[in-house]
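Step one of this worksheet: look at the structure below.
Proteins get letters first, then strands, A, B, ... in listed order; numbering begins at 1 in each.
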Amino acid sequence: MPKLTVDGIEVEVPAGATVLQACEAAGKEIPRFCYHERLSIAGNCRMCLVEVKPGPPKPQASCALPAGEGQEIRTDSEMVRKAREGVMEFLLINHPLDCPICDQGGECDLQDQSVAYGRGASRYDENKRAVTEKYMGPLIKTVMTRCIHCTRCVRFSEEIAGVDEIGALYRGENMQITTYLERAAKHELSANVIDLCPVGALTSRPYAFEARPWELKKTLSIDVSDAVGSNIRIDSRGREALRILPRVNDDVNEEWLSDKARFQVDGLTRRRLDRVWIRKQGKLQQASWEDAFAAIAKAKPGASIAAIAGDMLDCETMFAAKVLLKASGSSLIESRQTGMDYAVSSLAAVNFNSTFAGIETADAILIVGSHVRWEAPLVNVRLRKAAKNGAKIFIVGPEWETTYPATFLGADVSVLSKLPGDVSDAFKDAKRPAIILGGAGLAAGAHDAALALAVKFKMVTPEWNGFNVLHMAAARMGALMLGFAQQGGIKDLVAAKPAVLLALGADEVDFSAFEGSLKVYIGHHGDKAAHAADIVLPASAFTEKAGTYVNTEGRVQFADKAVFAPGDAREDWTILRALADALGVTVGFDSFAELQAAMIAEVPALGIEGLADYGSDLPKGDAKADLGGEIRYPIKDFYLTNPIARASETMQRCSSELLHGVEFAEAAE
Amino acid sequence: MAARHLEPDTPELRARWGNFAWNAENAEKAKEVLARYPVGRQRSAVMPLLDLAQRQVGAETNTQGWLPIPVMEYVAAYLDMPIIRVVEVASFYTMYNLVPVGRYHVQVCGTTPCMLRGSDDIMAACKKRGMHKGHTTDDGMWTLTEVECMGNCASAPMVQINDDNYEDLTVESFDKVLDALAKGETPKPGTQLPGRHTVEPVGEPTSLAAMVKENHDYRGEW
Ligand code: SF4
Ligand code: FES
Ligand code: FES
């Protein structure tokens, strides 16, 4: 624990801290470009120079200098001021200074730091260098003349994403950042380099020239494209959500975001349901809210009503539906759209108990039926960290390209009952063994076998819980907490032959099984379900309503409303409230606050942000359980997993270009 | 902008080099090089292997050799490393040629000591033979590059041609070297000054003169 002084302030920092970190501990701002907490230290921009005694009588790069006992650091001396001015001047020599036409303007480190630490005027009147643009795919727009060679993007793709595709070619003044042969960056986290780039060299291609940062309203929200529950910020202007950026939350997404979560946003303005539709003679026709409610009331469902919750729903909507059904005398609610029927008597048995931060510390991990890179890209980042710390990783399921060393044990889930010797040995020796059971694993009936393995390899101890289920739907854990699960899954609903079926944003259901029911779709996109529905009621997407979400770790998080829904669309709970009137039942809430309070009264855990406590008592499982054979991953196309993404032009282009190899001619700019 | 660039990845390039693989002799050498590095660190061999690959390309094309994209990909696959990391190395070090060169790669040093000792004349002599900087002559014989200090300043001016340095050049001695090379002979590398062997002082020693015959303690004289 070295003690040192920074500008006369005494601080004590952990051993191994850098001088830059010590300065921050003392409350001093150190300008920087290349340094980033989550990346390795490069020390190549020189913006972080400080004066250090004892040491050579010259400024030193604080980001790469270990803090030592008794050092005297100055960040406010003449030497430091001049050093910063000098570095800034050099950085700007080859920078085009094209801020008025640069999308980074207003949120650019180079701009801010040159205002704060630069000289104010340039003395350089030679020619500047210019660098050709580099194609990096449909998401990243490049203007490489602006690059200051901090190498953050290179380090991100190598260290965090684990896909070496960005590099620095040539040397010195000729150095250029590029992907190999200007091929598109092809992984699920590629766009994070846009946030990392401290200048305007890498900016968002779909968002190019859309808005200036100071025009935007910023709303804190939660991503619904997977079950990770990434913390996001929605930037909107007027009625339109223009972009989505990650927020820092070390427990969840650190400060990264998957490309889908970031770029599906343009899908929110396409294929939207903004009117009421009723099917007449086989064709959907525009109608009014009154007509629609009258039509539903005419079906006189009484207790013969069922509800299926979709993958992106907030807890409040689901709870409102549950109350509505209960008031009608029905408890036919289900959320596992594709027909899964795993047991949910213990929520701990269907939860990611290790937590995302915790899984980094596991030393042996068995993944059963999860294409983690596609199902939860940010969990994959954690697994990569675990592997770097020495964890052994084994995967049961068809092979996919991992970003860390992993052994595939075949696609047949029956391997769980006869694990190869080296795998069992790895788990017997492990101090923090973990299993991650994915949706495909659950579908293949591996739940009991996985629980049995957790017992066999002592994965659950008082300090460590290594049993994890990795869901894919943002709504899943919330739905299960609210009881949206029948013993036999959707089959029970089908068997009950309900008069009315409410599909709440549920697009993956096989509606043909509900032949005789009046199918009412309450959702926001004209996607699969709207084509099958008899009545379509336009509702809000996640950006257009406040709500509670629970991620696959059981983490309760709250999202705010960013914009209003388009056209006649309403917030989901108001639709259900009005439907209650139409059906002549009372649900006991008239405002969102009342609804939320009722929900929290029923499930108190939903009222407390943070990890819900499901206990650590797991069912013992059954080592001899029948195993369903071959594992099949449900996601066929990472970019098109939900109605919003399917409506998004950006996601469609990613899908065809990055996954199906279609080439797009570059539009002349 | 940058004079240094990768040779474009065309179907012709793929057709010519797509099947590149070590020849029997180099396969042995590559194994030997790999064995020099600890297990798990084989990627460190990327520099010697790129050199080997460049030489094999050179042998196949009767030039100094260069690194077509498929050849770099072959080396990347051989070392199981990402191709971008290989290209980073190859593009950083100027001794790897990224575009085709001629039979002889004439690298004239133009840095100050060589310049003071007449590198301009050497450059002019090259031009007289039809060489231009950054180009290969039509007969495929010569590629001319101007380079920075090669560390032979004590015998400036100097020129590096393929693996050998020719030093203490005058226009006449340089012409002789080129003529010999053109005829397929191997001129003596190193200094071209008659009577000089390496970089020993020309004529009498001018510094540390008292040390020539015996050990001498200068300290009292400082
Ligand atoms: S492109 Fe941006 S992040 Fe990458 S090296 Fe250049 S300035 Fe840094
Ligand atoms: S931040 Fe220290 S050198 Fe870049
Ligand atoms: S200056 Fe030419 S070799 Fe040093």
Side-chain angles (χ1 to χ4, degrees), chain A residues 40 42 44 94 96 126-137 143-147 149 151 153-187 190 193 387-388 390 401-405 663, chain B residues 1-14 17-18 39-44 46-47 50 66-99 107 110-111 133-134 145-150:
Chain A
S40 63
N44 53 17
N94 276 321
E126 308 297 319
N127 288 336
K128 287 174 182 257
R129 80 177 204 146
V131 184
T132 49
E133 278 184 32
K134 304 284 182 282
Y135 185 68
M136 284 201 191
V143 182
M144 293 325 278
T145 304
R146 297 179 187 145
C147 171
H149 306 140
T151 68
C153 53
V154 179
R155 283 175 282 148
F156 175 85
S157 71
E158 176 174 355
E159 295 164 14
I160 307 287
V163 182
D164 293 69
E165 51 181 16
I166 305 182
L169 302 197
Y170 313 109
R171 65 196 286 182
E173 146 154 87
N174 297 328
M175 179 168 158
Q176 303 187 29
I177 299 285
T178 181
T179 50
Y180 179 57
L181 302 180
E182 297 192 38
R183 289 184 186 153
K186 257 193 199 158
H187 57 85
S190 65
V193 296
K388 274 188 167 178
E401 214 179 307
T402 57
T403 55
Y404 36 80
E663 284 197 26
Chain B
M1 186 205 61
R4 231 170 125 69
H5 63 273
L6 294 176
E7 181 75 3
D9 182 22
T10 56
E12 295 76 46
L13 189 80
R14 293 270 165 198
W17 295 107
V39 180
R41 305 256 165 195
Q42 277 88 357
R43 288 178 183 191
S44 306
V46 63
M47 293 183 60
L50 280 175
W66 62 293
L67 291 171
I69 282 168
V71 172
M72 290 194 265
E73 285 174 353
Y74 175 80
V75 172
Y78 188 80
L79 291 171
D80 187 24
M81 73 192 271
I83 175 68
I84 186 81
R85 298 280 100 88
V86 174
V87 182
E88 279 182 336
V89 170
S91 65
F92 186 91
Y93 293 100
T94 50
M95 285 160 100
Y96 300 117
N97 298 320
L98 301 179
V99 293
Q107 308 197 54
T111 306
K133 271 194 248 175
T145 311
E146 181 178 341
V147 296
E148 304 303 333
C149 180
M150 295 269 207

Flag the pair A:I166 / B:I84 as yes when at least one side-chain heavy-atom distance between them is below 4.5 Å, and no otherwise.
no

Taking side chain as C-beta onward, heavy atoms only, is A:E158 less than 4.5 Å from B:R85?
yes

Highest number of heavy-atom pairs under 4.5 Å with chain A among B:V89, B:D9, B:I69 belongs to B:I69

Residue A:T179 versus chain B: region with a heavy atom under 4.5 Å
backbone

Which region of A:L169, side chain (C-beta onward) or backbone (N, CA, C, O), has a non-hydrogen atom less than 4.5 Å from a non-hydrogen atom of chain B, or is it both or neither?
both

For a side chain to side chain contact (heavy atoms under 4.5 Å, CB included) check, start with the C-alpha distance between A:Y170 and B:L98, then their side-chain angles and the critical distance, and finish with the verdict.
CA-CA 11 Å; A:Y170 313 109; B:L98 301 179; 3.8 Å; yes

Among A:D164, A:V163, A:L181, single out the residue with the greatest number of heavy-atom pairs under 4.5 Å to chain B.
A:D164

[atom2] on [Y] to [atom1] on [X], rounded to 0.5 Å:
X: A:N174; Y: B:H5; atom1: CG; atom2: NE2; result: 12.5 Å
X: A:M175; Y: B:F92; atom1: CE; atom2: CZ; result: 9.5 Å
X: B:M72; Y: A:Y180; atom1: CE; atom2: OH; result: 6.5 Å

